[in-house]
Amino acid sequence: MRELFKSLRFLLFMFPVALFAQNSVSGVVTEQATGMPIPGANIIVKGTSNGSTTDFDGNYTINNVNDGDVLLFSFLGFTEQQIIYTGQATIDVGLEENQTSLDEVVVIGYGSVTKKDATGAVNQVSTEDFNKGQVNTAGQLITGKIAGVTVTSGGGAPGEGQNINIRGIGSISLNSSPLYVVDGIPLDNSNVGGSRNPLDFINPADIESMTVLKDASSTAIYGSRAANGVILITTKKGKGREFKFNYSGATTVYRPTNYVDVMNGDEFRSLVNAVGNEASIARLGNASINWQEEIYSQAMGAEHNLSTTGNVGNFMPVRASLGYTNQDGVLRGDNFTRTTGSVSLRPNVLDGYLKAEINARGMYTENEFANRDAIGASVDYDPTKPIYSADSPFLNYNGWYVYNAEVDREIQNSLSPTNPIALINEKDDSAEIRRFIGNAKIDYKLHFFSDITATVNIGLDKTNSHGRTIVSENMPSSQLDWNGSYSNYINRATNQLFDAYLTYDKDFGKSSLNAVAGYSYQSFEYDNYSFDSEAQEEGNDAEFIDKWRSTLLSYFGRANYNYDDRYLLTATMRADASSKLNPDDRWGYFPSFAVAWNINNENFFNSETINQLKLRVGYGEIANVNGLGDYLFLTNYTGSRSNANYQFGNTYYQTYRPDAYNEDLRWEVGKTFNAGIDYALFNNRVTGSLNAYLKKTEDLISFVTVDPFTNFSNRINKNIGDMENKGIEFELNVTPVQTDDFTWTIGYNVAYNDNEITNLPDQVEVGGISGGTGNNVQLHKEGYTPFSYWVYKQVYDDNGRPIEGAFVDRNGDNQINDEDRYLYKNPFADVTMGLNTNLNYKSWDLAIVTRASLGNYAYNNMASSRSYEVRATENSILTNLHRDYFNTGFQTITESSLQSDYYVQNASFFKLDNITLGYTFPQLFDDASLRLYGSAQNVLIITEYDGLDPEIGGGIDNNFYPRPRIFTFGVNLNF
C-alpha cells in the first residue's frame, strides 16, 4: 500500500509538469518560390489527430505540442515538410512545389490523388507538357503524348475537331469517344448545328491540365458514360496575392501541301485524243487548269489571349481571361472566328472550413463554311477548260450546259460536275454559336466532424446556334425553275447538372482512408428548328421542329485505403439510370476494384537506383448507350408531309406512321482487367509505366435485320454481339541532362491494341463508298476487327499490274460473287507511338513532337472511283481521271472493281508534327518577362500510302479536306 501511495504522489507531481510541457506554436505557411501565403495548408502532429489548417493569410496555430513531436506541413501540389518541435514559439515554413512526377497531384473523378497513390491507369498532361504552336482545340494539346490515346483530326479545316480513341473503339454502332469532364461538368459529346467541334468552346490557353482515365478501375466512378475512357479538363485558376497579367499572341500562315493526284491538262488532252470520238475531242479546251490550286490558297490566322490572376481581399483567388481567334481555311471561303471569356473565383472562408469554386465560361463563335463539294468537283472537272466562259447562262461560269425548250434557256447537265469556283463563290453557309458553361462547387468541412467534407456542384452548359445556307441563283443548276435557295436552323441545347457527395478523409496511424459517396442528376434538353425553301417550293413541309429530353440519375461511391504507403486499395460502385432505356433495363450497376503495391516502400527493398516500383491490378465494369437515340423502346410516330395527306371527303388529313422500336434494348457492358507497373529510377530522372489490359464488351448494339412483320421496319437497333480489346502500353520519360543552364527531356510512348468481334450472329455491311450506288467496302463479322475491309482478291499479271475484272475465285464455284469476298486488313493501327523531346539552354527552348502509326490501312476511294478510261468521255462530258489510271489501265468501273483489295493500301506513317523554337527575355523590365517563338506544324510525313494523307478517320479516303502545313510566330508576355 505504501508503494501505491508513493506512485500516486509521483503521478500527481508529474501531471502539472506534463501539462505545462504541452505548448502552442504559430507561424505562416507560404510558397517558397513566391513567398505567397498558402491558405488551407494542413499542419498535423505526426502519428496523432492533433492538427490545424492555415487561414487566408497562411497563418496557423496548433496547440498541445510536446517537445520532440514531429510537425507535418502539407498541401496538394507541394512537397510535404517535417519539422521537429523543440520549444519554438514560431515556425514559419516555405513549401516547395512538387518537382517530381511521383508527387504530382492527379485529378480523378470527384477528387484527386498523388500520382504515387493512384491505383488505376491514369495519365495527366499539364501546361508545361502540352504541344506547342498553333492550337485551336483541346485535343491538339495531347496528340502523341499518351500511350493508347489516338487523336485524329477530321481534316484541315479551321477549328476542325479531333476524334479521340482510348484503347481502340468500344462499340460498332454507338459513340466511341471518351467522356469529357470540364471542371466537374460532364459534357454531351454531340455537336449542335453550326459547330465544328464539341470542344471548341474552350480556349486551349485556359486549360491547366488534361487527365486521361483509361482503365475501368479509374473510370467506373463515371459509370455508363465512361465506357470509352474519360478525359478530365481542368482550367487555370487564380493564385498568389498580387495580380499578374499575361498576354499571348500569334500570327499563323497555313499552306496547302499536297493535292489529289489527277491528270494535268496536257495528260488529259492526250488521253481524250487517244480514246475519244470526234465529238469528245471537239469538246476539249485549250487551257491547263489545276482546279485544286484554284480552290485552295495560303491562309492566315491570328490569336490573342489576355489573362490576369491574383487575389481579392486575401481570401478569394481570381482568374479572368479573354481570348480571340480568327483563322481562315486553305479552302477558299472557310473561316473560324472565336471569342471567349472566363472567370474563376475560389473564395475560402471560415478558417478554411468553407471553400467554393465558381467557374463561368462564355464563347461566341462565327463559322463560315466553305463549300466542300468543291473538293470533289476540283478533282473531277475538265482541266482543259477555263474558269469562265462568256456564253455561260450562270454568271459566266464555265460549265456543261444543255438547252431546255421548256424554259427556253440552258441548264446544267445533271450528270456533270459543277464548276468548282462557282461552288465556292455562289454558296454562303454560315453559323453563329453562343455557349455558356459554368458551375458553382461548394466544399464544407463539417465543424463538428472535420474529417468529413460535404460537396455540392451545380453546373449549366447552354448552347444556342443560328445558321443559314444561301445558294445564289448564279449557281449552275439542272433545275428548270432554279432561282436560288435558302435554308436556316436554330439549335438549342441545355445540359444541367446537380452533384452532391460526402468525402471522408482520415489517417489512422499507418493507415489512411478516403471515402466518397454521392448522388448525381443530369438532364439534356434539345430544341431544334429548321426551314428549307426548296422543300416549300416542292409542296412539302418547309419547317421542321424537333424537341427531346434525356436524363441520367446516378448514385456513386468510392473508397481509397492506404496502409503505410505500401498497400493501396480502391473500390468503386456506380448505379446509373438512363431514360434512353426501358424501365425494366434502365438501371445499370458498375463496380470496380483495384489494388497496388509500392514495393519500394518495403523494408526489405533498399535501392539507391529505384525510386518507385509499384504494381497495380484492377478490374471494373462500365457500360455504354452514348449515341443511342432517345426513347427507342417506345413506338414513335412520324407525320406525313403536307403533300401526302389522306383525303376524306373534301378534307385532307395528316397521317402518322409508326417507327421501328425495341423494348428490350439494354446497356452495352464492358468488363475490363488491367495490370500495370509504375517505375522511377536514378533520382526520378527516368519514370514511366507499363500496362496490359483486356476488355470484353457484351451486348453490343447493332442495326440489324429482323424477320418481316415482327416490327414496323425490317431493321432495328438490337443487343446482339460481343467484342474484345486487348493491348499493351509502355511509357518512358527520361531527363538525360539536367544542369543549371541546360535541361534535356525525352518522352516516348508505344501502344499495341488488338480489337476483335467475338460474337455477332449476323454480319453487318458498313463503309459506304462513292463510285456507285449503295456500295459498301467494310464489314462487321465475328472473329475479325470491326470495320475490316470486305473485298475481292485482285489478280495481277507477271509485271505486277492488276488485271481488270480478274479476281480470285476463293470458293472454287467458277463464278465471282459476294461469296468470294474476304476480310482484309482494317483502318486501325496495330501499334501507335509518340516521341517528343524538349531542350532548354539558358533562355532558349526547343520542342519537337513526332508520331508513328503502324499497321493501319486506308481504302483509296479517290483512285477507285476516278481511274477508269470510260469516265473521261462518258455521258457526253469530259471528266478528269486520277493518275492511278496509268498504273491499272482499267477501262470501266464495276461494283467488283470498286471492291478490289488493290485499293486497300498500307497507310502506316511517321509524322513530324511540331517543331517549336523560343527565346525568353527573363527581365524585360520590372517583374516582366517576354518569350518569342516560332513553330512549324505538319512538317513531314513518311508513308507508302498513295493518297492525299494516310491519317484518315474511318479508313475511307474520299474528298478529304487536306491538312495544311502551319507556320506560327508568337509572343508571350508576363507582367
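Keep in mind that this is a model prediction, so the values were computed, not measured.
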Contacts of Arg558 that satisfy side-chain hydrogen bond (donor to acceptor under 3.5 Å, both in side chains) - sequence neighbours left out
none

Would you say the ring centers of Tyr693 and Phe673 fall short of 6.0 Å from each other?
no

Determine, for Asp206 against Arg319, whether the closest basic-nitrogen to carboxylate-oxygen distance falls under 4.0 angstrom.
yes

N-O pairing of Glu208 and Lys236 below 4.0 Å:
no

For residues 440-460, which residue pairs pass the salt bridge (Lys or Arg N to Asp or Glu O under 4.0 Å) check, not counting sequence neighbours?
Asp451-Lys506

With sequence neighbours left out, what residues match Asp564 under salt bridge (Lys or Arg N to Asp or Glu O under 4.0 Å)?
Arg566

Quick one: does Asp499's side chain have a donor or acceptor within less than 3.5 Å of a partner on Thr455's backbone?
no

Measure from the side-chain N and O atoms of Asp92 to the backbone N and O of Val28, and report whether any donor-acceptor pair falls under 3.5 Å.
yes

What pair of heavy atoms forms the shortest contact from Tyr85 to Asn66, and how long is it?
CD2-O, 3.3 Å

Would you say Thr219's side chain and Asp215's backbone share a donor-acceptor pair under 3.5 angstrom?
yes

Which pair of heavy atoms, one from Thr309 and one from Lys237, lies closest together, and at what distance?
OG1-O, 3.9 Å

Evaluate the criterion side chain to side chain donor-acceptor pair (under 3.5 Å) for residue pair Asn439 and Asn457; output intermediate values, then yes/no.
CA-CA 7 Å; Asn439 71 302; Asn457 184 29; 3.1 Å; yes

Centroid-centroid under 6.0 Å between Tyr444 and Tyr353 rings
no

Taking the six-membered ring for Trp and the single ring otherwise, decide whether the centroids of Tyr521 and Tyr555 are under 6.0 Å apart.
no

May I ask you to test the Gln522-Leu553 pair for a side-chain heavy-atom distance under 4.5 Å?
no

Applying side chain to side chain contact (heavy atoms under 4.5 Å, CB included), can you list everything that pairs with Phe593, at least two apart in sequence or on another chain?
Leu569, Ala571, Val595

Could you tell me whether Asp576 and Arg574 make a salt bridge, using a distance below 4.0 angstrom between a side-chain N and a carboxylate O?
yes

Does a side-chain heavy-atom distance below 4.5 Å link Gln496 with Ser523?
yes

Tested for side-chain hydrogen bond (donor to acceptor under 3.5 Å, both in side chains) against Asn560, the lone hit among Thr119, Thr572, Thr570 is Thr570

Please tell me if the side chains of Tyr619 and Ser217 come closer than 4.5 Å, counting only heavy atoms from C-beta onward.
no

Does the pair Phe590 and Phe556 meet the rule for a ring pair (Phe, Tyr, Trp, His ring centres under 6.0 Å), with working shown?
CA-CA 9 Å; Phe590 312 112; Phe556 58 88; over 10 Å; no

Considering residues at least two apart in sequence or located in another chain, which fulfil the salt bridge (Lys or Arg N to Asp or Glu O under 4.0 Å) criterion with Asp678?
Lys614, Arg616

Donor-acceptor pairs under 3.5 Å, side chain of residues 509-519 to any protein atom, not counting sequence neighbours: which ones?
from	atom 1	to	atom 2	distance (Å)
Ser511	OG	Tyr561	OH	2.7

